[in-house]
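Just so it is clear: chains get the letters A, B, ... in the order the sequence lines come, proteins before strands, and each one is counted from 1.
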Number of protein chains: 2
Amino acid sequence: MATIGQRNRLQFIILGLLNQQPQTGYDLAKAFENEIGEFWQAQHSQIYPMLKRLEAAGEITHEDTVTGEKLAKKQYTLTPTGREKLVAWVSQPSPELTPNKDEFILKLYFIKDVDDPRIQPMLREQYRLHQAQLAHLQQRQATVFPDTSTIDQAYGHYLILDHAIAREAHYVSWLTQYLTPED
Amino acid sequence: MATIGQRNRLQFIILGLLNQQPQTGYDLAKAFENEIGEFWQAQHSQIYPMLKRLEAAGEITHEDTVTGEKLAKKQYTLTPTGREKLVAWVSQPSPELTPNKDEFILKLYFIKDVDDPRIQPMLREQYRLHQAQLAHLQQRQATVFPDTSTIDQAYGHYLILDHAIAREAHYVSWLTQYLTPED
DNA sequence: TCCCCCATGTAAGGTGTTACATGATTTA
DNA sequence: TAAATCATGTAACACCTTACATGGGGGA
């Protein structure tokens with residue numbers, strides 16, 4: 001399955017997640033909403049086919065398990081081949097800046113006039129959104145890393161959360177700069 | 001062309017760009033590399049078909065011009081319908097946080113060990129990249145907005161550049177926090 | 001018993017990237 | 001005159017989202 005044209009980063013991220021611990025497709029889908037949702041997203045409709053593809057390529061295997069009476073689960077695990085491929089990807093430089101997209105910023109861009117009455121409500125809405133997201137992330141940090149001693153065992157996780165928090169905090173403070181007090 | 005399933009934001013961005021001034025597809029492609037490249041990207045292979053589609057929908061029209069002996073250009077302009085559609089989009093709230101993707105951060109995430117020797121080189125590489133991008137953006141700001149009096153006429157443009165600069169500056173300072181001095 | 005969550009899959013269609021293709025104009 | 005840039009298009013394919021489809025388990 002050549003896949004030369006595009007980078008197919010999803011496969012590596014799935015390998016990375018499975019390397020942390022064997023998981024089901026469902027578990028992976030949750031991870032894309034929670035742990036790493038700030039930096040990559042994928043729906044289950046994208047995950048299940050990819051798991052089949054990775055298994056066909058011999059990079060992962062699965063074990064069927066049953067919960068309760070007959071709920072079938074597939075627990076996926078990395079093979080040595082898969083682990084090699086993961087290590088190669090992680091060790092490889094990532095020399096491009098990731099493209100960013102931000103619909104809100106573009107809307108502001110298209111409103112040329114400083115005094116356009118739409119600007120302040122838009123800024124306030126974004127403020128609410130990002131403030132809420134920031135609070136949510138801080139909450140999670142407090143839960144996952146209650147004290148500094150817990151950081152070292154999951155340094156990557158700590159970094160990722162720290163970065164997400166810093167990013168949101170920064171977005172919020174940028175917005176604040178342009179907000180005028182509400183009447 | 002219904003397009004209910006997905007959002008098709010590209011069309012609105014093209015309308016927004018054409019609202020600033022009539023342009024060719026080639027000009028638009030440039031804008032996606034420069035002015036707004038920090039917040040949206042599109043290749044010419046995506047732009048030309050979209051222009052046809054927008055014209056078929058009566059939202060833009062074009063005028064054929066010739067440069068030199070026979071180089072054909074198509075200068076596109078918004079129609080009143082197109083302008084209405086643009087205004088509706090701009091005025092509409094953007095209630096979702098834009099998904100972010102960052103391959104580099106994920107690689108860090110998958111390296112659990114604080115002392116993994118790959119971490120520092122990776123951080124330094126990203127530092128170089130973002131530092132260079134930051135310098136480039138600051139350069140552009142100095143060129144486009146030489147003094148504060150020039151801001152008001154293109155407030156949107158100012159905001160967008162300011163935001164991009166702040167974002168990069170922030171990314172760089174986050175990286176610095178984890179960088180150890182090189183030997 | 002109903003609802004929410006667990007669990008896995010496929011189908012359809014839109015979005016985006018890379019490559020293929022062609023030709024004119026300007027600048028060094 | 002060669003290279004870079006202007007200028008427009010299509011084809012192939014990979015990526016991603018939404019919707020369709022089905023069924024089990026656990027708690028209120």
Side-chain angles (χ1 to χ4, degrees), chain A residues 1-14 22-34 37 39-56 60 62-76 96-101 103, chain B residues 1-14 22-34 36-37 39-57 60 62-76 96-101 103:
Chain A
M1 283 296 96
T3 315
I4 14 169
Q6 271 164 90
R7 315 259 272 63
N8 191 6
R9 289 90 96 259
L10 177 60
Q11 63 179 327
F12 298 112
I13 297 166
I14 289 180
Q23 294 177 71
T24 66
Y26 186 87
D27 296 330
L28 291 172
K30 288 289 160 200
F32 280 104
E33 285 174 6
N34 304 314
F39 299 103
W40 208 273
Q41 306 79 40
Q43 313 301 318
H44 75 271
S45 58
Q46 215 184 341
I47 294 167
Y48 289 118
M50 187 60 79
L51 286 170
K52 292 206 163 164
R53 206 172 128 186
L54 290 170
E55 186 161 40
I60 61 177
H62 82 268
E63 194 183 332
D64 288 305
T65 65
V66 172
T67 299
E69 205 69 14
K70 49 177 167 174
L71 181 57
K73 288 192 200 188
K74 294 183 181 177
Q75 194 89 2
Y76 286 93
E96 327 79 32
L97 278 332
T98 311
N100 293 282
K101 298 199 167 183
E103 188 176 359
Chain B
M1 285 295 96
T3 314
I4 13 168
Q6 272 163 89
R7 315 261 271 65
N8 191 6
R9 322 252 252 303
L10 177 60
Q11 63 179 327
F12 298 112
I13 297 167
I14 289 178
Q23 294 177 72
T24 66
Y26 186 87
D27 296 330
L28 292 172
K30 288 288 162 202
F32 279 106
E33 284 174 6
N34 304 314
I36 64 169
F39 300 103
W40 208 271
Q41 306 80 39
Q43 313 301 319
H44 74 271
S45 58
Q46 214 184 343
I47 294 167
Y48 290 118
M50 186 61 79
L51 287 169
K52 291 206 163 164
R53 204 171 130 187
L54 290 170
E55 186 161 42
I60 60 178
H62 82 269
E63 194 182 333
D64 289 306
T65 65
V66 172
T67 299
E69 205 68 15
K70 49 177 166 173
L71 180 58
K73 288 192 201 187
K74 295 182 179 177
Q75 193 90 4
Y76 286 94
E96 329 78 32
L97 279 330
T98 311
N100 293 282
K101 298 199 168 183
E103 188 176 0

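If you take CD of Gln75(B) and C1' of dC6(D), they are 13 Å apart, rounded to a whole angstrom. Atom CZ in Arg53(A) sits roughly 8 Å away from atom P in dA14(D) (whole-Å rounding). One atom, NZ of Lys73(A), and another, C1' of dG23(D), lie 15 Å apart when rounded to the nearest Å. Between the P atom of dT5(D) and the CG atom of Asp27(B) lies a distance of 16 Å, rounded to the nearest Å. For the pair Arg9(B) CZ and dT15(C) P, the computed distance is 10 Å after rounding to whole Å. dG9(D) atom C1' lies 13 Å from atom CD1 of Ile47(B), rounded to whole Å. Rounded to an integer number of Å, the gap from CD of Gln6(B) to P of dG16(C) is 8 Å. Atom C1' of nucleotide dG16(C) and atom CZ of Arg7(A) are separated by 15 Å, given to the nearest angstrom.
In this model, the phosphate group of dC16(D) is not approached by any side-chain N or O of Gln43(A) to a distance below 4.0 Å at OP1 or OP2. At dT8(D), none of the side-chain N or O atoms of Lys52(B) fall inside 4.0 Å of OP1 or OP2 (strictly under the cut-off). The shortest distance between the side-chain N/O atoms of Tyr26(B) and the OP1/OP2 oxygens of dT8(D) is not below 4.0 Å.
Of the inter-residue distances, the one linking Gln75(B) atom CD with Thr24(B) atom OG1 reads 6.5 Å to the nearest 0.5 angstrom.
In terms of the side-chain contact (heavy atoms from CB on, under 4.5 Å) criterion, residue partners of Asn34(B) (sequence neighbours excluded) are, by chain and number, Lys30(B). Partners of Glu33(B) by side chain to side chain donor-acceptor pair (under 3.5 Å), not counting sequence neighbours: none found. Qualifying side-chain contact (heavy atoms from CB on, under 4.5 Å) partners for Pro49(A), counting only residues two or more places apart in sequence or in other chains: none. Checked against side-chain contact (heavy atoms from CB on, under 4.5 Å), Lys52(A) has no partners two or more places apart in sequence or in another chain. Legend: residues meeting side-chain contact (heavy atoms from CB on, under 4.5 Å) with Thr67(B), ordered by chain and number and at least two apart, are Leu71(B), Lys73(B). With sequence neighbours excluded, the residues forming a side chain to side chain donor-acceptor pair (under 3.5 Å) with Glu96(A) are Arg7(A), listed by chain and number.
One cannot find a donor-acceptor pair under 3.5 Å joining the base of dT8(C) and the side-chain atoms of Thr24(A).
With the nearest nucleotide of DNA chain D identified for both Tyr48(B) and Gln41(A), Tyr48(B) has the one nearer the 5' end.
Side-chain proximity of Asn8(A) to dG16(C), dA19(C), dC15(D): nearest is dC15(D). Nearest to the side chain of Lys101(A), among dT17(C), dG9(D), dG16(C), sits dG16(C). You'll find that the side chain of Lys30(B) is closest to dC6(D), out of dC15(D), dG9(D), dC6(D).
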Could you list the donor-acceptor pairs under 3.5 angstrom formed by side chains in residues 39-47 of chain A, with sequence neighbours left out?
from	atom 1	to	atom 2	distance (Å)
Gln41(A)	NE2	Gly37(A)	O	3.0
Gln41(A)	NE2	Asn100(B)	O	2.9

Given protein heavy atoms under 4.0 Å, the one-letter contact record of nucleotides 23-28 of chain C, with B base, S sugar-phosphate only and - none, is simply BSS---
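Comparing the start and finish of the helix from dT1(C)-dA28(D) to dA28(C)-dT1(D), five pairs each, the helix axis swings through 40°, to the nearest 10 degrees.
Inter-residue side-chain proximity for Asp27(A) and Tyr76(A) is flagged as unmet; no heavy-atom pair is nearer than 4.5 Å.
Under the 3.5 Å distance criterion, the side-chain polar atoms of Glu55(B) are matched with a main-chain donor or acceptor of His62(B).
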